[in-house]
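First up is the structure itself, then whatever we jot down about it.
Keep in mind that this is a model prediction, so the values were computed, not measured. All chains are named by letter (A, B, ...) in the order of the sequence lines, taking the proteins before the strands, and each is independently numbered beginning at 1.
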Protein chains: 2
Amino acid sequence: MPTALSPQVSAFVLHWGEMGSRWGINRTVAQVHALLYLSPKPITAEDIVDALQVARSNVSTSLKELMGWGIVRRVHVAGDRRDHFETMTDVWAMFRIILDERKKRELDPTVSAVRTCLEDARAAGPSEQVTVERLEALAEFFAVMEGGYQSLRALPPAVLVQTLKLGGAVGRVLNP
Amino acid sequence: MPTALSPQVSAFVLHWGEMGSRWGINRTVAQVHALLYLSPKPITAEDIVDALQVARSNVSTSLKELMGWGIVRRVHVAGDRRDHFETMTDVWAMFRIILDERKKRELDPTVSAVRTCLEDARAAGPSEQVTVERLEALAEFFAVMEGGYQSLRALPPAVLVQTLKLGGAVGRVLNP
DNA sequence: CTGATGTTTCAGTAATAACAGAAATATAGA
DNA sequence: TCTATATTTCTGTTATTACTGAAACATCAG
């Protein structure tokens, strides 16, 4: 395995890490993911340490997280005792998984919190009239988004791409 | 203005702040936004200080950021010298603005970085073959997403809601 | 102009999250 | 079983980001 990354790979890894951190994803996690994504074949944790120059433990934690998301998996290479890792390469599938996970972990709890607040506000009587109205609007928004997301999510990637392109056509018709 | 928030409002503000911080949005910024969203009428920075128990300067910074996003604006109340603030209440419009802003600030730079890496990798010759392939897939992904997003974005909220519900119908037909 | 009120900027501090390195644990082959 | 090697967990440190309070700046009424 190369100890030094090619400038192109290195540049991508850095940018990906940067973007991740802006969306609340640990920088190292995103970098590990980027490295795996551009790697032609499965690599070891040690390779990652060499490539990214981070602590072995940090790599271990990051891999664990990526495996928890289900986008990275352990693979075994004949004649090598060490674990090797690889990521999915289907970008659409990957995107869907990441979106699903983040929705589940960060959005869903908020949505149910909103629902709870809404019920409490309703129970509190007319003093919370405005609260009720605003939270209703928010809950409705989440419900529609959820529905739309679920239906798009269920589409196979190829159909989803078509839907998006179709969406573009619909958009142009409605907004010429 | 109430110095103490009602339990319902307080709960929502806390949850909203929590969610924001998980998506890379400053907690106080999100809390201020939540407070404004549930406020029946424009409130002053001082009101926000009382409600959230944070420093005046912190509120000032947060309001500036929210105004920078274009979802909060200064309004004047007759007979009061102080600035008052209010947020948009159209959740869909707000969502669109936030998405636009984040796309512009965090996604677009990454997309152009990917394009640059891709060109560099192409120029580097066959040694970067895999890099080229993977980055091409990624660039294609971004391009389709961008197109789909732009067309949905351009729809008026009511049409967008319909599109999402329609999307649900399409999805059910394709995945019964 | 001047003082009172309101707002923003800035430098230092505190809180949080990321990280390294060591220690502990697990596993495979001899 | 024992030893070498691989992996994970844990604790203390570092870096980053958020935040406070004070000072500077702005604006309005008198």
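Between the CZ atom of Arg82(B) and the P atom of dT8(C) there is a distance of 14 Å, given to the nearest Å. Taking atom CH2 of Trp23(B) as the reference point, atom P of dT17(D) lies 19 Å away to the nearest angstrom. Here dT9(C) presents its C1' atom at 8 Å from NZ of Lys64(B), a figure rounded to the nearest Å. Whole-Å rounding puts the Leu52(B) CG to dA18(D) P distance at 16 Å. For Glu46(B) and dT8(C), the CD to P distance is 12 Å, given to the nearest whole Å. Atom pair Arg27(B):CZ and dA15(C):C1' shows a separation of 10 Å (rounding to whole Å applied). Asp83(B) has its CG atom 16 Å from the P atom of dT5(C), to the nearest Å. Across the protein-nucleic acid pair, Met67(A) atom CE and dT8(D) atom P stand 6 Å apart, rounded to whole Å.
In this structure, the separation between CD on Glu46(A) and CZ on Arg56(A) is 6.0 Å, given to the nearest 0.5 Å. Distance check, rounded to the nearest 0.5 Å: CZ of Phe85(A) to CZ of Arg73(A) gives 12.5 Å.
Of the side-chain N and O atoms in Arg74(B), none sit less than 4.0 angstrom from OP1 or OP2 of dG6(C). Ser60(B) has a side-chain polar atom (N or O) that falls below the 4.0 Å cut-off from OP1 or OP2 of dT8(C).
Across the interface with DNA chain D, nearest-nucleotide mapping of Asp80(A) and Asn26(B) shows Asp80(A) to be the residue nearer the 5′ end.
Between the side chain of Thr131(B) and the main chain of Leu38(A), no donor-acceptor pair closer than 3.5 Å is present. Within the 3.5 Å criterion, the main-chain N or O of Arg153(B) finds a donor-acceptor partner in the side chain of Arg96(B). A distance-only check finds a donor-acceptor pair linking the side chain of Thr44(B) to the backbone of Asp47(B) [under 3.5 Å].
Salt bridge absent: Glu119(A) and Arg122(A) never bring a charged side-chain N and a carboxylate O closer than 4.0 Å.
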Identify all pairs in which a protein N or O lies below 3.5 Å from an N or O of nucleotides 21-23 of chain D, and state each distance.
from	atom 1	to	atom 2	distance (Å)
dG21(D)	N7	Ser57(B)	OG	3.4
dG21(D)	O6	Ser57(B)	OG	2.7

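Arg81(B) comes within 4.0 angstrom of a base, heavy atoms only.
Taking the six-membered ring where the residue is Trp, His33(A) and Trp16(A) present tilted rings, their angle falling between 30° and 60°.
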